[in-house]
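Notes for the one structure printed next.
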Amino acid sequence: MENITMADVAKAAGVSKSTVSQYLNKRFEYMGEKTKLKIEEAIEKLGYQPNYLARSLKQKRTSMVGIIVANSIHYFSMEVIHAIEDFCQKHDLHAIVCNADDDPDKEKKYIEMLRAKQVDGLIIFPTGQNNDLYESMIRNGYPVVFMDRKVENLDVFSVLTDNEASTYQAIKQFIEKGHQNIAFAVQPLTISPRRDRLEGYKKALKDAGLQVDPNLIIESSLAEMKSKLEKLFSSEKKPTAFFAANDRIFLIVMEFLKEMGIKLGKDLEFVVFDNIPYAHLLESPLSFIIQPAAEMGEKAAELLFKQINKEEIEPVQLVLPSRMV
């Protein structure tokens with residue numbers, strides 16, 4: 001197939017190569033509508049594809065960014081990615097999405113691979129276990145924003161939600177309704193949202209003058225969650241209220257409650273901290289702590305874009321509030 005060049009487009013449109021270049025780079029300040037239309041028609045007729053590699057070498061930018069998501073199974077993560085991609089499209093950036101599966105080795109490989117491909121910057125849902133690599137990027141001035149999870153002991157750009165405060169308010173509402181046996185289920189405390197949500201739970205109990213009972217706290221892998229639930233609900237001190245720390249725990253607990261014939265709203269009150277699709281269709285009386293996923297994604301993309309464009313901004317930790325529904 002014949003390689004169509006910018007010169008071919010210029011000739012077909014009856015304009016100079018520099019005018020076609022200005023059109024491709026969206027520099028329309030001194031370009032009339034008639035000229036734009038002629039170039040657009042020539043590009044379409046000839047089937048011209050710009051050489052992005054050559055352009056990136058000239059501009060020293062690839063117009064690509066990487067998104068390394070901790071676990072793409074979470075609906076919240078997909079909402080964030082969607083918002084980032086929307087921002088990228090509006091600003092002529094291309095997003096490459098990688099799923100690290102909460103595996104620090106996989107995360108490290110993706111960071112190294114994307115940087116080798118010379119992406120202009122990264123948005124990372126960090127595993128928290130590659131701090132030397134994070135520090136190296138920051139020290140070298142590489143554009144990076146951390147999403148959803150704190151990076152300890154480093155001055156970084158990050159976008160988070162108020163995990164501790166939102167959990168505190170949910171537990172406080174349980175207590176105000178008269179609940180004292182409040183269960184809390186969380187996966188291993190390897191990342192900051194899980195630790196912060198557990199801290200909010202404990203603080204709400206202590207502030208109400210209630211004991212923190214370790215028997216009501218399930219910290220477990222998903223594989224072992226159901227056996228831990230069986231032990232909890234077979235004990236004398238059964239919970240009357242339950243807090244699930246994310247959507248995956250929520251699904252396991254809901255399946256367990258159905259098997260046991262435990263009725264929500266009658267036998268147990270329930271809150272889950274996560275964005276659940278189609279939650280409004282559920283008949284069970286549930287409460288959800290909804291994270292501002294779209295806003296978080298957009299803010300992260302904005303912070304990355306400013307770094308890529310070398311704007312003078314200091315590292316900032318944005319904490320956006322979640323809301324109870």
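A quick note: this is a predicted structure, and the numbers were derived from the prediction, not measured.
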Have [X] and [Y] got a donor and an acceptor in their side chains that come within less than 3.5 Å?
X	Y	result
Y110	N99	no
N130	D132	no
S192	D196	no
D247	H74	yes
T127	E107	yes
N131	E152	no
T161	S322	yes

E255 vs K226, salt bridge (charged side-chain N to carboxylate O under 4.0 Å, His left out): CA-CA, chis, key distance, verdict: CA-CA 9 Å; E255 183 179 337; K226 193 169 279 191; 3.0 Å; yes

Side chain of [X], backbone of [Y]: donor and acceptor closer than 3.5 Å?
X	Y	value
N275	Q291	yes
D267	G265	no
S235	L232	yes

So, using salt bridge (Lys or Arg N to Asp or Glu O under 4.0 Å) as the criterion, who are the partners of R149 when residues are at least two apart? D102

Consider only side-chain heavy atoms of I, L, V, M, F, W and Y, link residues closer than 4.5 Å, and tell whether L205 and F174 are in one cluster. yes

Parallel under 30°, tilted from 30 to 60°, perpendicular over 60°: which one fits the rings of F87 and F305? perpendicular

Would you call the rings of F270 and F242 parallel, tilted or perpendicular, taking 30° and 60° as the class edges? parallel

If you apply the rule salt bridge (charged side-chain N to carboxylate O under 4.0 Å, His left out), what do you find for D105 with K109, and how did you get there? CA-CA 6 Å; D105 292 331; K109 287 177 183 176; over 6 Å; no

Just do the salt bridge (charged side-chain N to carboxylate O under 4.0 Å, His left out) check on K36 and E33 with the steps written out, would you? CA-CA 5 Å; K36 284 200 286 185; E33 286 299 320; 3.0 Å; yes

